[in-house]
Trainee: 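Before we start, here is the structure in question, set down as C-alpha cells.
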2 protein chains.
Amino acid sequence: MNERADRFPVERSEVRAMLTRFGIQPTQQRIDIAHLLFQRPQHVSAEQVLEGVNAAYGHVSKATVYNTLNLFVRYGLINEVLIEPDRTLYDSNTSDHHHVYNMDTGELSDIPAGRLAIQGDLGLPEGTEIEGMEVLVRVRSGHDPAANR
Amino acid sequence: MNERADRFPVERSEVRAMLTRFGIQPTQQRIDIAHLLFQRPQHVSAEQVLEGVNAAYGHVSKATVYNTLNLFVRYGLINEVLIEPDRTLYDSNTSDHHHVYNMDTGELSDIPAGRLAIQGDLGLPEGTEIEGMEVLVRVRSGHDPAANR
DNA sequence: ATGCAACTTAGACTCAGTCTAGACCATTTT
DNA sequence: AAAATGGTCTAGACTGAGTCTAAGTTGCAT
C-alpha cells in the first residue's frame with residue numbers, strides 16, 4: 001500500500017502532488033481540506049474541518065467534507081478515531097501510534113507505537129490476518145475525585 | 001469500586017440482589033435489562049436490548065433502555081465499546097480484556113487481558129492516572145482481497 | 001392512606017452523517 | 001465549436017442513534 005511520509009507541515013504546493021501520488025484527483029476542495037489536515041498531526045472532527053476550511057479558504061459544503069474525509073480514510077491518508085460516542089475524529093497522523101485520552105479534559109494525544117511492546121497470543125481464528133492494532137489508554141487528571149462526568 | 005463477579009449466566013433471582021449491591025434501585029425494567037445482558041458475556045447495541053427485552057419480557061421504552069444502559073455504565077456493571085462509528089455497543093463482560101474486530105464480518109470477540117503483555121513508557125503528564133487500557137485488534141477474514149468495504 | 005421522590009414513558013427533538021438531484025467543470029468525441 | 005462524457009460539488013432533504021420533556025406511574029417512608 002501507498003504510504004504517506006509522516007512529515008508536517010505539508011506545504012500547499014506538495015499537497016497536490018501527494019493527492020496525485022495516491023491516485024486521488026486533486027480538486028480545489030480536496031487540496032484545501034488536505035492542506036488543513038496536514039499542517040500538523042492532529043485529531044479533528046468533520047465539523048472542525050468544515051469550519052476551518054471555510055475560515056481559511058473558500059467555501060466548502062458539508063457533503064464534500066464528509067465525502068472527502070471518507071475518501072482520505074479509504075486511501076489511507078488519514079485514520080478514523082472512535083473515542084467519543086457522538087462524533088468521529090480524523091487523525092492526520094498515520095504513522096503507527098496509539099492514543100491517550102484524558103477523560104476529564106477530553107484531550108487526545110499520541111504515543112508512538114515504538115514506545116509500547118505488546119506480546120502475547122491473540123488466538124486468532126484460522127484464515128484471519130491482522131489489519132491493525134490500536135491501544136487506547138484512558139486517563140484522568142486526578143485532582144478531582146468527584147468526577148461529575 | 002464495587003466489582004461484579006464475572007460469572008455467567010446471572011440468574012433472575014440474583015439480578016435483583018446484584019443491582020441492590022451496586023446501589024441501584026431494582027425496578028422491573030432494570031431487572032429485565034440486566035437479566036438479558038448477563039445471560040452471557042456479549043456485545044449488544046441499545047436497539048438489540050430494546051428488541052430483546054420486548055421479546056422476552058414486558059414492554060420497555062426506548063428512553064428507559066438508554067437511561068438504564070448509561071446508568072449501568074456509570075456504575076461499572078457494563079462497558080461501552082466504540083468500534084462502529086454509527087452505534088454504541090455495550091459489553092456485559094467487565095473483566096479486564098481486549099477486543100478483536102473482524103472488519104469483514106463485523107464480528108467482535110474478546111481477548112482476556114492476561115493473554116497480552118503490554119510494556120513501555122506511556123510518558124503520561126504529571127498528575128494523570130491511568131483509568132483503563134484497551135487494545136483493539138482489527139482483522140480481516142483474508143480470502144477476499146477485493147475488500148469492497 | 002398520603003406524600004414525595006424516583007422511575008418510566010410517548011413522542012418531540014437534536015444533530016452527525018448520508019443521500020439526492022441538479023449544477024458545474026474539464027476533457028474527449030464528433 | 002458544439003455536444004457528449006464522467007467526475008466532482010452543492011443545497012437541502014433525509015435518516016437514525018441518542019436525548020429531552022412533560023406527564024403519568026411506582027413504591028417507599030411516614
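Note that the structure is predicted; figures quoted are calculated from it, not measured. In the text below, chain A, chain B and the rest are named by the order of the sequence lines, each starting its count at 1.
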Trainee: Can you list everything that forms a side chain to side chain donor-acceptor pair (under 3.5 Å) with B:E134? Sequence neighbours excluded, please.
Mentor: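 B:E134: side chain to side chain donor-acceptor pair (under 3.5 Å) contacts with A:R138.
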Trainee: Please report the distance, rounded to the nearest Å, between CD in B:E47 and P in D:dT15.
Mentor: 16 Å
Trainee: Looking only at heavy atoms, what is the nearest atom pair of B:F72 and B:R30, with distance?
Mentor: CZ-O, 3.8 Å
Trainee: Main chain of B:Q42, side chain of B:S92: is a donor-acceptor contact present, judged purely on distance under 3.5 Å?
Mentor: yes
Trainee: Give me the residues of residues 49-57 of chain B where at least one heavy atom lies under 4.0 Å from an atom of DNA chain D, by number, or none.
Mentor: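 Correct list: empty, so none.
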Trainee: Scan nucleotides 2-10 of chain C nucleotide by nucleotide, 5' to 3', and note B when protein non-hydrogen atoms come under 4.0 Å of the base, S if they reach only the sugar-phosphate, - if neither.
Mentor: ----SSSBB
Trainee: What's the CG-C1' distance between A:L82 and C:dA16, to the nearest Å?
Mentor: 13 Å
Trainee: Look at the side-chain N and O atoms of A:Y66 and state whether any lies under 4.0 Å from the OP1 or OP2 oxygen of C:dT18.
Mentor: no
Trainee: Give the residues of residues 84-92 of chain A touching DNA chain C, defined as any heavy atom closer than 4.0 Å, sorted by residue number.
Mentor: A:D86, A:R87, A:T88
Trainee: Start with the C-alpha gap between A:L69 and A:V65, add the side-chain angles, then the distance that decides, and say whether side chain to side chain contact (heavy atoms under 4.5 Å, CB included) holds.
Mentor: CA-CA 6 Å; A:L69 289 172; A:V65 168; 3.7 Å; yes
Trainee: Table please: side-chain donor-acceptor pairs of residues 108-117 of chain B below 3.5 Å, with sequence neighbours left out.
Mentor:
{"unit_1": "B:D110", "atom_1": "OD1", "unit_2": "B:H43", "atom_2": "NE2", "d": "3.0"}
{"unit_1": "B:D110", "atom_1": "OD1", "unit_2": "B:H99", "atom_2": "NE2", "d": "3.4"}
{"unit_1": "B:D110", "atom_1": "OD2", "unit_2": "B:N93", "atom_2": "ND2", "d": "3.1"}
{"unit_1": "B:R115", "atom_1": "NH1", "unit_2": "A:D121", "atom_2": "O", "d": "3.1"}

Trainee: Only pairs at least two apart or in different chains count here, so list each salt bridge (charged side-chain N to carboxylate O under 4.0 Å, His left out) that has a residue in residues 32-41 of chain B.
Mentor: B:R12-B:D32
